[in-house]
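For the numbers below, each heavy atom of this structure counts, side chains included, while hydrogens, waters and symmetry mates do not. This chain uses plain numbering: 1 for the first residue, then up along the sequence.
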Amino acid sequence: VADSPVAMTLLHIISNGIVFFGFYIIYKGWMLIYDSKGKKLVTEGIYSYVRHPQYSGLFLITIGFLLQWPSLTTLVMWPILMFSYYKLAMREERDVAQQFGKVYEEYKKQVPAFIPKFGKG
């Protein structure tokens, strides 16, 4: 595969698409949070699909780069990094639950943390 320019071009197109989509998700989530000024729980837009679009975007970005430049170090460090961000997201959820109470708990029951549900659920 590494000797095939077509395969490498295709790999880069796909992985760059994943990276740019990750940045787009982060941007969409950040704009909604910024606009809310921390005064209301954001549940519309990208937040109606996942509770943590910034982390979902980051996961996609790192997967895209991992596809382009796999090495033993990145293969070992990627799951450690993802676990660290997962733990951070769960810590942030406790803070948000404290701030918004039952409203957040109901939202949490309906919307997955990182990977959106597809189809009717």
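In the hydrophobic cluster analysis, where Ile, Leu, Val, Met, Phe, Trp and Tyr join through side-chain heavy atoms closer than 4.5 angstrom, W30 is grouped apart from Y85. In the hydrophobic clustering of ILVMFWY residues, with side-chain heavy atoms under 4.5 Å counting as a link, W78 and I115 come out together. Tracing side-chain contacts under 4.5 Å through hydrophobic residues (I, L, V, M, F, W, Y), one reaches I14 starting from L60; they form part of the same cluster. Hydrophobic clustering, with ILVMFWY side chains joined whenever heavy atoms are under 4.5 angstrom apart, groups I33 together with V103.
Q98 CD: 12 or fewer foreign heavy atoms inside a 6.0 Å radius. The 12-atom threshold is exceeded at OH of Y107, counting heavy atoms of other residues, nucleotides or ligands nearer than 6.0 Å. Residue-environment remark: NZ (K40) exceeds the threshold of 12 foreign heavy atoms within 6.0 Å. More than 12 heavy atoms of other residues, nucleotides or ligands lie within 6.0 Å of CZ in F100, so this atom counts as buried by the packing criterion. Within 6.0 Å of atom CG in L75, more than 12 heavy atoms from other residues, nucleotides or ligands are found, so the atom counts as buried in its surroundings.
Contact between P5 and T9 at its shortest, heavy atoms only, is O-OG1, 2.7 Å. The two atoms that bring V19 and G64 nearest to each other are CG2-CA, 3.7 Å, heavy atoms only. Across all non-hydrogen atoms, the minimal contact from G45 to L32 is CA-CD1, 4.1 Å. Residues P53 and I25 approach most closely at O-CG2, 3.1 Å, considering heavy atoms. Nearest heavy-atom pair, V50 versus S56, reported as atom, atom and distance to 0.1 Å: CG2-OG, 4.2 Å. The two atoms that bring S15 and L67 nearest to each other are CB-CB, 4.0 Å, heavy atoms only.
For the pair M90/H52, a side-chain contact is recorded, criterion being any heavy-atom separation below 4.5 Å from C-beta on. Side-chain contact check for Q68 versus N16: some heavy-atom pair is nearer than 4.5 Å. Annotation: side chain of I26 is in contact with side chain of I61 (closest heavy-atom distance under 4.5 Å). Residues Y47 and V111 fail the side-chain proximity criterion, which asks for heavy atoms closer than 4.5 Å.
The distance from the CG atom of L58 to the CG atom of L88 is 10.5 Å, given to the nearest 0.5 Å. For the atom pair CD (Q110) and CD (E105), the distance works out to 12.0 Å, reported to the nearest 0.5 Å. Expressed to the nearest 0.5 Å, how far CE of M77 lies from CG of L72 amounts to 11.5 Å. Here the straight-line distance linking atom CD1 of I18 with atom OG1 of T62 works out to 10.5 Å at 0.5 Å rounding. Rounding to the nearest 0.5 Å gives a distance of 7.5 Å between OH of Y24 and CD1 of I46.
Remark: K37 is positioned above the aromatic ring of Y34, its terminal NZ or CZ atom under 6.0 angstrom from the ring centre and at most 45 degrees off the axis.
Between the side chains of Y104 and E93, a donor-acceptor pair is found at a separation under 3.5 Å.
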Exercise for the section: Output, in order, the C-alpha distance, side-chain angles, deciding distance and verdict of side chain to side chain donor-acceptor pair (under 3.5 Å) for Q54 and Y27. Expected result: CA-CA 8 Å; Q54 286 87 352; Y27 170 78; over 6 Å; no

Open item on the list: Run the side chain to side chain donor-acceptor pair (under 3.5 Å) test on W69 and T74 for me, step by step, so that the C-alpha distance in whole Å, both residues' side-chain angles and the decisive distance to 0.1 Å come before the verdict.
Closed with: CA-CA 8 Å; W69 299 297; T74 56; over 6 Å; no

Can K109 and E106 be said to form a salt bridge (charged side-chain N to carboxylate O under 4.0 Å, His left out), step by step? CA-CA 5 Å; K109 289 177 190 174; E106 288 301 314; 3.3 Å; yes

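In this pair, Y55 and F114 present their aromatic rings perpendicular. The plane angle is above 60°, beyond the 30 to 60° band.
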